[in-house]
Amino acid sequence: FPVTIGDAERGKASNLVELLAQQEILPKSNCFAPDEYGIICQQLRSLRQEIISKQRMVQANAGNKENIARLLDDLHNKKQEKERLLEFINLKEPDFKFMERVQPIPYQDIQALIKEDSVILEWYFIESRLVLFIVFPDSKYPIIEEYSDEELVNLKNLINRYQSEYNSRNKSTWINNLYGNIWKLSRILRIEKIIIKYQLTKYQKLILIPHRYLHLMPLHAMPFSNGEVLIDKFIVSYAPSSQVLQSLEKDKKTISKIR
């Protein structure tokens, strides 16, 4: 299959993971004069935040030809500015620049995030397709389900209608159509069929990792034909990506060791 779960992770979470990973990575204070050190740390924090913000703006304006060139130019300039600052830091603290890099997460590390009673469902939009990766605690490779062009069109139409109703001043239409929209979402994503096909009810916990506008939808409330919803069958949690989940788990372990 041309798309791997590693591709999905690199595509959807690199910016956020970099922000989480870099937020406390600073040069060593004993390498600089006190006044100089404070200024450098402030500049580094500011540039990291600005680059993340501009990357998001580029993604949000991908289809806007008038804005995209200017935004890409701004992003390039900020990255160059950060690169110059890192080169200056490296003169006094060699190899600091390489601490900025976030390594891609291999499948084995994604699998290590879940226990024997858990499964990861990770959706990913790639070009004009939507795929679902199912990560089991004991499988060598993730299961991949691909959605049809018709399902993808129906999903986009549903999301557009859902957002329009939610953003309207009168929320009554959104409230009245909420169950029907979530029911349609459940059918489009084939959640009940997937649960039956892969015998997911053997597991107690589901970790849902949406992508793009699927983050807007209450996936945990997707209903089944018997009237139950997803949270009736499983303990459901969400994550922006497996890599972000891994970063948070590392933070928990660090805090536990400190305590």
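Residue numbers start at 1 and run along the sequence shown.
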(message) Are I188 and L152 packed together at the side-chain level, in the sense that at least one heavy-atom pair is separated by less than 4.5 angstrom?
(response) no

(request) Give a yes-or-no answer on whether the side chains of N176 and E165 include a donor-acceptor pair shorter than 3.5 Å. (result) no

(request) Examine distances only and state if a side-chain atom of S186 and a backbone atom of P223 form a donor-acceptor pair shorter than 3.5 Å. (result) yes

(message) Nearest 0.5 angstrom please: I209 CD1 to E122 CD, how far?
(response) 4.0 Å

(message) Hydrophobic clusters here meaning ILVMFWY residues chained together by side-chain heavy-atom distances under 4.5 Å, can you tell me if Y179 and M222 are in one?
(response) no

(message) Are the side chains of V119 and I114 in contact, using a 4.5 Å heavy-atom criterion?
(response) no

(message) Using side-chain heavy atoms (C-beta onward) and a distance below 4.5 Å, is Y147 in contact with L189?
(response) yes

(message) Atom NZ of residue position K28 - does it have more than 12 heavy atoms of other residues, nucleotides or ligands inside 6.0 Å?
(response) no

(message) I'd like to know if the side chain of E93 and the backbone of C31 have a donor-acceptor N/O pair within less than 3.5 Å.
(response) no

(message) Using side-chain heavy atoms (C-beta onward) and a distance below 4.5 Å, is L121 in contact with L200?
(response) yes

(request) Scan side-chain atoms only and decide if E145 and Y198 contain a donor-acceptor pair under the 3.5 Å cut-off. (result) yes

(message) For Y213 and F125, I'd like to know if the aromatic rings sit close, meaning centre-to-centre distance below 6.0 Å.
(response) yes

(request) Check for a donor-acceptor pair, side chain of N167 on one end and backbone N or O of Q163 on the other, with a separation under 3.5 Å. (result) yes

(message) Between I51 and K79, does the side-chain contact (heavy atoms from CB on, under 4.5 Å) criterion hold? Intermediate values first, please.
(response) CA-CA 7 Å; I51 288 171; K79 285 184 175 181; 4.2 Å; yes

(request) Answer yes if the side chains of S172 and N170 hold a donor-acceptor pair under 3.5 Å, and no otherwise. (result) yes

(message) For a quick check under 3.5 Å, do H220 and Y238 share a side-chain donor-acceptor pair by atom type?
(response) yes

Under 3.5 Å donor-acceptor pairs involving side-chain atoms of residues 130-141, not counting sequence neighbours:
unit_1, atom_1, unit_2, atom_2, d
S139, OG, Y107, OH, 3.2
S139, OG, Y141, O, 3.2

(request) Considering only NZ, NE, NH1 and NH2 on the basic side and carboxylate oxygens on the acidic side, decide whether R84 and E87 come within less than 4.0 Å. (result) no

(message) Any heavy-atom pair between the side chains of R45 and L26 that's under 4.5 Å?
(response) yes

(message) Are L206 and I235 packed together at the side-chain level, in the sense that at least one heavy-atom pair is separated by less than 4.5 angstrom?
(response) no

(request) Would you tell me whether S148 and E151 have side-chain atoms, one donor and one acceptor, within less than 3.5 Å of each other? (result) yes

(request) Please answer whether the main-chain N or O of W174 pairs with a side-chain N or O of N177 as donor and acceptor at a distance below 3.5 Å. (result) no

(request) Determine, stepwise, if the pair W123 / L208 fulfils side-chain contact (heavy atoms from CB on, under 4.5 Å). (result) CA-CA 8 Å; W123 286 271; L208 307 182; 4.2 Å; yes

(message) Within the supplied structure, the quantity of interest is the number of heavy atoms (other residues, nucleotides, ligands) at a distance under 6.0 Å from D73 CG; does it exceed 12?
(response) yes

(request) Take K82 and L86, measure what side-chain contact (heavy atoms from CB on, under 4.5 Å) needs, and give me the verdict at the end. (result) CA-CA 6 Å; K82 179 184 171 185; L86 292 175; 4.1 Å; yes

(request) Find out whether S118 and Y203 are in side-chain contact, i.e. whether some heavy atom of one side chain is under 4.5 Å from a heavy atom of the other. (result) no

(message) Looking at K171 and Y166, would you say the former's side chain and the latter's main chain have a donor-acceptor pair under 3.5 Å?
(response) yes

(request) Let me see the working for I126 and R129 under side-chain contact (heavy atoms from CB on, under 4.5 Å), right down to the final yes or no. (result) CA-CA 5 Å; I126 175 68; R129 291 180 294 155; 4.0 Å; yes

(request) Ignoring hydrogens and angles, state whether a donor on the side chain of E192 or S225 is under 3.5 Å from an acceptor on the partner side chain. (result) yes

(message) Distance check, rounded to the nearest 0.5 Å: L216 atom CG versus L185 atom CG?
(response) 11.0 Å

(request) Would you tell me whether E50 and S46 have side-chain atoms, one donor and one acceptor, within less than 3.5 Å of each other? (result) yes

(message) Is any side-chain heavy atom of F32 closer than 4.5 Å to one of I89?
(response) yes

(message) What's the separation between atom CG in L85 and atom CD1 in I40, rounded to the nearest 0.5 Å?
(response) 6.5 Å

(request) Give the cluster check for I231 versus I182: same hydrophobic cluster or not, with ILVMFWY residues linked at side-chain heavy-atom distances below 4.5 Å. (result) yes

(request) First locate atom CZ of F224, then atom CD1 of I191, and finally report the distance between them rounded to the nearest 0.5 Å. (result) 6.0 Å

(message) A quick test of your reading: do over 12 heavy atoms of other residues, nucleotides or ligands sit less than 6.0 Å from CD of E116?
(response) no

